[in-house]
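Below is one structure, written out as C-alpha coordinates, with a few remarks after it.
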Amino acid sequence: MTDMRLVVVGAAGRMGQALVRAVTAMDGVTLSAAIEREGSAALGHDAGELAGLGPLGVRITDDPLTAFAASEGVLDFTTPKASLWFAELAAQARIVHIIGTTGWVDGELEPLKAAARHARLVKSGNMSLGVNLLAALVRKAAAALGPDFDLEIVEMHHRHKVDAPSGTALLLGEAAAAGRGIALAEHSVRVRDGHTGPRPAGDIGFATLRGGSVVGDHTVILAGDGERVELSHKAEDRQIFARGAVKAALWARDKKPGLYSMADVLGLND
Ligand SMILES: NC(=O)C1=CN([C@@H]2O[C@H](COP(=O)(O)OP(=O)(O)OC[C@H]3O[C@@H](n4cnc5c(N)ncnc54)[C@H](OP(=O)(O)O)[C@@H]3O)[C@@H](O)[C@H]2O)C=CC1
Ligand SMILES: O=C(O)C1=N[C@H](C(=O)O)C[C@H](O)C1
(Lines give C-alpha, C1' and ligand atoms only; values in the text may rest on other atoms or scores of the structure.)
(Ligands and ions follow the chains in the order given, each with its own letter.)
Protein backbone atom coordinates (compact mmCIF):
# COMPACT_ATOMS: atom_id res chain seq x y z
CA MET A 1 0.00 0.00 0.00
CA THR A 2 1.22 3.53 -0.73
CA ASP A 3 2.14 5.86 2.12
CA MET A 4 -0.88 7.69 3.61
CA ARG A 5 -0.67 11.39 2.76
CA LEU A 6 -1.27 13.41 5.93
CA VAL A 7 -1.74 17.17 6.38
CA VAL A 8 -0.92 18.78 9.74
CA VAL A 9 -3.08 21.77 10.69
CA GLY A 10 -1.79 24.16 13.36
CA ALA A 11 1.66 23.04 12.16
CA ALA A 12 3.55 25.79 14.03
CA GLY A 13 2.01 24.94 17.41
CA ARG A 14 3.55 22.75 20.14
CA MET A 15 1.61 19.68 18.97
CA GLY A 16 1.78 20.69 15.29
CA GLN A 17 5.58 20.51 15.40
CA ALA A 18 5.45 17.18 17.27
CA LEU A 19 3.10 15.85 14.56
CA VAL A 20 5.44 16.92 11.75
CA ARG A 21 8.27 15.05 13.54
CA ALA A 22 6.09 11.95 14.04
CA VAL A 23 4.87 11.84 10.41
CA THR A 24 8.47 12.16 9.23
CA ALA A 25 9.75 9.42 11.56
CA MET A 26 6.98 6.82 11.18
CA ASP A 27 6.53 4.23 8.43
CA GLY A 28 3.50 4.22 6.12
CA VAL A 29 2.83 7.97 6.16
CA THR A 30 4.11 11.05 4.40
CA LEU A 31 3.62 14.78 5.06
CA SER A 32 1.46 16.20 2.23
CA ALA A 33 0.91 19.74 3.57
CA ALA A 34 1.13 21.97 6.64
CA ILE A 35 -1.46 24.60 7.54
CA GLU A 36 -1.57 27.63 9.82
CA ARG A 37 -4.13 30.41 10.13
CA GLU A 38 -4.31 33.41 7.81
CA GLY A 39 -1.81 36.07 8.93
CA SER A 40 0.33 33.62 10.95
CA ALA A 41 4.03 34.49 11.13
CA ALA A 42 4.75 30.83 10.22
CA LEU A 43 3.28 31.09 6.68
CA GLY A 44 5.90 30.35 4.01
CA HIS A 45 8.27 28.66 6.46
CA ASP A 46 9.32 25.06 5.86
CA ALA A 47 7.35 22.80 8.26
CA GLY A 48 10.41 20.60 8.88
CA GLU A 49 12.67 23.51 9.75
CA LEU A 50 10.08 24.85 12.18
CA ALA A 51 9.89 21.41 13.81
CA GLY A 52 13.68 21.26 14.21
CA LEU A 53 14.24 18.65 11.48
CA GLY A 54 15.77 20.66 8.66
CA PRO A 55 13.97 21.36 5.38
CA LEU A 56 11.30 18.88 4.21
CA GLY A 57 10.15 20.87 1.16
CA VAL A 58 6.67 21.41 2.68
CA ARG A 59 5.90 25.09 3.13
CA ILE A 60 3.23 26.19 5.61
CA THR A 61 0.18 27.70 3.87
CA ASP A 62 -3.24 29.04 4.92
CA ASP A 63 -5.12 27.05 2.23
CA PRO A 64 -6.66 23.93 3.86
CA LEU A 65 -9.05 23.35 0.93
CA THR A 66 -6.24 22.67 -1.55
CA ALA A 67 -4.25 20.73 1.09
CA PHE A 68 -7.19 18.47 2.02
CA ALA A 69 -7.92 17.73 -1.65
CA ALA A 70 -4.37 16.37 -1.99
CA SER A 71 -4.41 14.33 1.26
CA GLU A 72 -5.95 11.20 2.78
CA GLY A 73 -5.98 12.44 6.36
CA VAL A 74 -5.68 15.51 8.58
CA LEU A 75 -4.00 15.66 11.99
CA ASP A 76 -5.64 18.42 14.00
CA PHE A 77 -4.56 19.69 17.46
CA THR A 78 -5.79 23.31 17.30
CA THR A 79 -8.87 24.93 18.87
CA PRO A 80 -12.53 23.76 18.94
CA LYS A 81 -13.56 26.56 16.53
CA ALA A 82 -10.82 25.65 14.04
CA SER A 83 -11.46 21.90 14.41
CA LEU A 84 -15.16 22.38 13.59
CA TRP A 85 -14.19 24.20 10.39
CA PHE A 86 -11.63 21.53 9.50
CA ALA A 87 -14.27 18.83 10.16
CA GLU A 88 -16.55 20.37 7.52
CA LEU A 89 -13.70 20.52 5.00
CA ALA A 90 -12.53 16.98 5.80
CA ALA A 91 -16.07 15.64 5.38
CA GLN A 92 -16.37 17.38 1.99
CA ALA A 93 -13.02 15.90 0.93
CA ARG A 94 -14.05 12.48 2.39
CA ILE A 95 -10.72 12.16 4.24
CA VAL A 96 -9.78 10.89 7.70
CA HIS A 97 -9.83 13.56 10.45
CA ILE A 98 -7.89 12.97 13.68
CA ILE A 99 -8.92 15.48 16.36
CA GLY A 100 -6.78 15.92 19.48
CA THR A 101 -8.14 19.38 20.26
CA THR A 102 -9.59 19.85 23.78
CA GLY A 103 -11.68 22.56 25.48
CA TRP A 104 -15.01 21.58 23.88
CA VAL A 105 -18.21 23.01 25.37
CA ASP A 106 -21.77 21.63 25.30
CA GLY A 107 -23.33 21.67 21.84
CA GLU A 108 -20.07 21.79 19.90
CA LEU A 109 -20.02 18.04 19.39
CA GLU A 110 -23.26 17.93 17.34
CA PRO A 111 -21.62 19.22 14.12
CA LEU A 112 -18.86 16.64 14.56
CA LYS A 113 -21.47 13.89 14.70
CA ALA A 114 -22.96 15.28 11.48
CA ALA A 115 -19.53 15.35 9.81
CA ALA A 116 -18.99 11.73 10.89
CA ARG A 117 -21.83 10.64 8.60
CA HIS A 118 -19.44 11.19 5.68
CA ALA A 119 -15.98 11.23 7.22
CA ARG A 120 -13.91 8.96 9.42
CA LEU A 121 -13.20 10.95 12.59
CA VAL A 122 -11.12 9.84 15.54
CA LYS A 123 -11.42 12.23 18.49
CA SER A 124 -9.77 11.88 21.90
CA GLY A 125 -8.69 14.17 24.72
CA ASN A 126 -5.54 12.06 24.89
CA MET A 127 -3.94 10.05 22.08
CA SER A 128 -1.37 8.20 24.22
CA LEU A 129 -1.49 4.46 24.83
CA GLY A 130 -0.78 4.96 28.54
CA VAL A 131 -3.71 7.29 29.26
CA ASN A 132 -6.18 5.15 27.32
CA LEU A 133 -5.06 2.10 29.27
CA LEU A 134 -5.35 4.17 32.48
CA ALA A 135 -8.95 5.03 31.54
CA ALA A 136 -9.77 1.32 31.24
CA LEU A 137 -8.19 0.70 34.67
CA VAL A 138 -10.09 3.63 36.22
CA ARG A 139 -13.37 2.28 34.91
CA LYS A 140 -12.59 -1.11 36.47
CA ALA A 141 -11.46 0.39 39.78
CA ALA A 142 -14.52 2.63 40.07
CA ALA A 143 -16.81 -0.33 39.40
CA ALA A 144 -14.97 -2.61 41.82
CA LEU A 145 -14.65 -0.14 44.72
CA GLY A 146 -18.15 1.29 44.39
CA PRO A 147 -19.68 4.52 45.76
CA ASP A 148 -18.00 4.27 49.21
CA PHE A 149 -14.78 5.41 47.56
CA ASP A 150 -14.78 9.15 46.72
CA LEU A 151 -13.41 10.00 43.26
CA GLU A 152 -11.10 12.97 42.70
CA ILE A 153 -9.10 13.75 39.54
CA VAL A 154 -5.99 15.95 39.75
CA GLU A 155 -4.17 17.26 36.68
CA MET A 156 -1.17 19.50 36.06
CA HIS A 157 -0.10 21.09 32.77
CA HIS A 158 2.30 23.73 31.45
CA ARG A 159 1.59 27.44 31.89
CA HIS A 160 0.43 27.89 28.25
CA LYS A 161 -2.58 25.58 28.46
CA VAL A 162 -5.84 27.48 27.91
CA ASP A 163 -8.58 24.99 28.86
CA ALA A 164 -9.55 23.34 32.16
CA PRO A 165 -10.16 20.67 33.25
CA SER A 166 -7.93 19.03 30.67
CA GLY A 167 -9.48 16.82 28.01
CA THR A 168 -7.71 13.90 29.64
CA ALA A 169 -9.16 14.66 33.08
CA LEU A 170 -12.64 14.70 31.52
CA LEU A 171 -11.93 11.44 29.66
CA LEU A 172 -10.87 9.85 32.97
CA GLY A 173 -13.96 11.33 34.65
CA GLU A 174 -16.15 9.72 31.97
CA ALA A 175 -14.39 6.39 32.55
CA ALA A 176 -14.95 6.64 36.31
CA ALA A 177 -18.61 7.60 35.82
CA ALA A 178 -19.10 4.69 33.39
CA GLY A 179 -17.58 2.34 35.98
CA ARG A 180 -20.06 3.61 38.53
CA GLY A 181 -22.96 3.55 36.07
CA ILE A 182 -23.69 7.28 36.44
CA ALA A 183 -23.62 10.32 34.11
CA LEU A 184 -20.54 12.51 34.62
CA ALA A 185 -22.46 15.71 33.79
CA GLU A 186 -24.75 15.16 36.79
CA HIS A 187 -21.95 14.47 39.27
CA SER A 188 -18.90 16.50 38.26
CA VAL A 189 -17.57 19.24 40.55
CA ARG A 190 -15.08 21.40 38.69
CA VAL A 191 -14.53 24.17 41.26
CA ARG A 192 -14.62 24.37 45.08
CA ASP A 193 -14.29 27.66 46.93
CA GLY A 194 -15.38 29.10 50.28
CA HIS A 195 -17.72 27.25 52.68
CA THR A 196 -18.54 24.23 50.54
CA GLY A 197 -20.03 22.06 53.27
CA PRO A 198 -19.17 18.35 53.48
CA ARG A 199 -18.51 16.43 50.28
CA PRO A 200 -21.77 15.10 48.76
CA ALA A 201 -21.64 11.33 48.12
CA GLY A 202 -21.20 10.40 44.47
CA ASP A 203 -19.42 13.58 43.34
CA ILE A 204 -16.50 13.31 40.91
CA GLY A 205 -14.16 16.19 41.74
CA PHE A 206 -11.62 17.88 39.46
CA ALA A 207 -8.56 19.88 40.55
CA THR A 208 -6.48 21.83 38.05
CA LEU A 209 -2.85 22.91 38.44
CA ARG A 210 -0.95 25.01 35.87
CA GLY A 211 2.73 25.90 35.73
CA GLY A 212 6.12 25.59 34.08
CA SER A 213 6.67 23.16 31.24
CA VAL A 214 4.73 20.13 32.55
CA VAL A 215 3.64 18.10 29.50
CA GLY A 216 0.68 16.47 31.31
CA ASP A 217 0.23 14.72 34.68
CA HIS A 218 -3.02 13.03 35.73
CA THR A 219 -3.95 11.18 38.92
CA VAL A 220 -7.28 9.58 39.73
CA ILE A 221 -7.74 9.17 43.50
CA LEU A 222 -10.26 6.73 44.92
CA ALA A 223 -10.47 7.64 48.60
CA GLY A 224 -12.21 5.27 51.01
CA ASP A 225 -12.33 5.03 54.79
CA GLY A 226 -8.81 4.20 55.94
CA GLU A 227 -7.33 3.58 52.49
CA ARG A 228 -6.74 5.30 49.16
CA VAL A 229 -6.04 4.02 45.64
CA GLU A 230 -4.19 6.36 43.25
CA LEU A 231 -3.85 5.69 39.52
CA SER A 232 -1.48 8.02 37.65
CA HIS A 233 -0.03 8.81 34.25
CA LYS A 234 2.81 11.24 33.59
CA ALA A 235 3.51 12.35 30.02
CA GLU A 236 7.19 13.23 29.54
CA ASP A 237 7.22 13.97 25.81
CA ARG A 238 4.56 15.28 23.37
CA GLN A 239 5.69 12.67 20.81
CA ILE A 240 3.52 10.08 22.62
CA PHE A 241 0.40 12.03 21.56
CA ALA A 242 1.73 12.66 18.04
CA ARG A 243 2.59 9.00 17.46
CA GLY A 244 -0.89 8.04 18.72
CA ALA A 245 -2.48 10.45 16.24
CA VAL A 246 -0.54 8.98 13.29
CA LYS A 247 -1.47 5.48 14.46
CA ALA A 248 -5.13 6.57 14.56
CA ALA A 249 -4.94 7.92 10.98
CA LEU A 250 -3.50 4.64 9.69
CA TRP A 251 -6.16 2.68 11.61
CA ALA A 252 -8.99 4.82 10.23
CA ARG A 253 -7.76 4.56 6.63
CA ASP A 254 -9.98 1.56 5.78
CA LYS A 255 -12.79 2.18 8.27
CA LYS A 256 -16.39 3.20 7.51
CA PRO A 257 -17.48 6.81 8.21
CA GLY A 258 -18.09 7.38 11.94
CA LEU A 259 -16.89 9.11 15.10
CA TYR A 260 -14.29 6.85 16.74
CA SER A 261 -12.25 7.07 19.95
CA MET A 262 -8.65 6.21 20.72
CA ALA A 263 -9.95 3.22 22.70
CA ASP A 264 -11.37 1.92 19.37
CA VAL A 265 -7.99 2.44 17.69
CA LEU A 266 -6.12 0.64 20.47
CA GLY A 267 -8.64 -2.20 20.72
CA LEU A 268 -9.44 -1.36 24.35
CA ASN A 269 -13.20 -1.64 23.70
CA ASP A 270 -12.93 -5.20 22.37
N1 LIG B 1 -5.49 14.81 22.52
C2 LIG B 1 -4.20 14.85 22.87
O3 LIG B 1 -3.51 13.80 22.98
C4 LIG B 1 -3.56 16.17 23.08
C5 LIG B 1 -4.30 17.30 22.89
N6 LIG B 1 -3.73 18.53 22.98
C7 LIG B 1 -4.61 19.65 22.65
O8 LIG B 1 -4.20 20.15 21.37
C9 LIG B 1 -4.54 21.51 21.29
C10 LIG B 1 -3.32 22.32 20.84
O11 LIG B 1 -2.35 22.29 21.85
P12 LIG B 1 -0.92 22.99 21.64
O13 LIG B 1 -0.25 22.44 20.43
O14 LIG B 1 -0.23 22.93 22.95
O15 LIG B 1 -1.38 24.50 21.35
P16 LIG B 1 -0.66 25.61 20.45
O17 LIG B 1 -1.36 26.89 20.76
O18 LIG B 1 0.81 25.50 20.62
O19 LIG B 1 -1.00 25.15 18.94
C20 LIG B 1 -2.22 25.35 18.29
C21 LIG B 1 -1.90 25.79 16.90
O22 LIG B 1 -3.11 25.82 16.11
C23 LIG B 1 -3.11 27.04 15.38
N24 LIG B 1 -4.45 27.42 14.96
C25 LIG B 1 -5.46 27.94 15.69
N26 LIG B 1 -6.52 28.21 14.91
C27 LIG B 1 -6.17 27.85 13.65
C28 LIG B 1 -6.83 27.91 12.39
N29 LIG B 1 -8.07 28.39 12.26
N30 LIG B 1 -6.16 27.49 11.30
C31 LIG B 1 -4.90 27.00 11.39
N32 LIG B 1 -4.21 26.92 12.55
C33 LIG B 1 -4.85 27.35 13.68
C34 LIG B 1 -2.50 28.05 16.35
O35 LIG B 1 -2.12 29.23 15.69
P36 LIG B 1 -2.10 30.63 16.52
O37 LIG B 1 -0.99 30.47 17.51
O38 LIG B 1 -1.85 31.63 15.44
O39 LIG B 1 -3.43 30.75 17.18
C40 LIG B 1 -1.32 27.22 16.88
O41 LIG B 1 -0.21 27.27 16.02
C42 LIG B 1 -5.09 21.91 22.66
O43 LIG B 1 -6.49 21.84 22.63
C44 LIG B 1 -4.52 20.82 23.57
O45 LIG B 1 -5.25 20.64 24.75
C46 LIG B 1 -2.42 18.69 23.28
C47 LIG B 1 -1.62 17.61 23.50
C48 LIG B 1 -2.14 16.24 23.41
O1 LIG C 1 -2.70 21.06 26.28
C2 LIG C 1 -1.92 20.10 26.47
O3 LIG C 1 -0.68 20.26 26.50
C4 LIG C 1 -2.48 18.76 26.64
N5 LIG C 1 -3.74 18.60 26.41
C6 LIG C 1 -4.48 17.40 26.48
C7 LIG C 1 -5.54 17.51 27.56
O8 LIG C 1 -6.21 18.55 27.63
O9 LIG C 1 -5.73 16.56 28.30
C10 LIG C 1 -3.61 16.17 26.57
C11 LIG C 1 -2.32 16.33 27.29
O12 LIG C 1 -2.52 16.13 28.66
C13 LIG C 1 -1.58 17.62 26.97
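Order of listing sets the numbers, starting from 1, for every ligand and every atom in it.
The pair R59-E49 does not meet the salt-bridge criterion, since no charged nitrogen lies less than 4.0 angstrom from a carboxylate oxygen.
Of all the atoms in ligand 1, the ones that sit under 4.0 Å from a non-hydrogen atom of G10 are 21 (C), 22 (O), 23 (C), 32 (N). Atoms of ligand 1 lying under 4.0 Å from any heavy atom of T78, numbered from 1 in the order shown and given with element: 9 (C), 10 (C), 22 (O), 42 (C), 43 (O). With ligand atoms numbered from 1 in the order given, ligand 1 contributes 30 (N), 31 (C) to contacts under 4.0 Å with heavy atoms of F86.
The residue R238 has no part lying near ligand 1, judged by heavy-atom distances below 4.0 Å. Under 4.0 angstrom from ligand 1, there are no non-hydrogen atoms of A245. Contacts with ligand 2 closer than 4.0 Å are made by side-chain heavy atoms of H158 only, the backbone lying farther away. Proximity of V215 to ligand 2, defined as any heavy-atom pair under 4.0 Å, is confined to the backbone N, CA, C and O atoms. Here M15 has no heavy atoms under 4.0 Å from ligand 2, in either its backbone or its side chain.
Here the protein heavy atom with the shortest distance to atom 5 (N) of ligand 2 is K161 NZ, 3.2 Å. Regarding atom 9 (O) of ligand 2, its nearest protein heavy-atom neighbour is T168 OG1, 2.5 Å. Nearest protein heavy-atom neighbour of atom 47 (C) of ligand 1: M15 CG, 3.4 Å. When hydrogens are left out, the protein atom nearest atom 31 (C) of ligand 1 is R37 N, 3.2 Å; that is the closest non-hydrogen contact.
Remark: distances from the non-hydrogen atoms of A235 to ligand 2 are all 4.0 Å or more. The shortest heavy-atom distance from M127 to ligand 2 is not under 4.0 Å.
Residue contacts with ligand 2: R238 is placed with no nitrogen or oxygen under 3.5 Å of a nitrogen or oxygen of the ligand (distance criterion only).
Distance remark: protein heavy atom present below 4.0 angstrom from atom 17 (O) of ligand 1.
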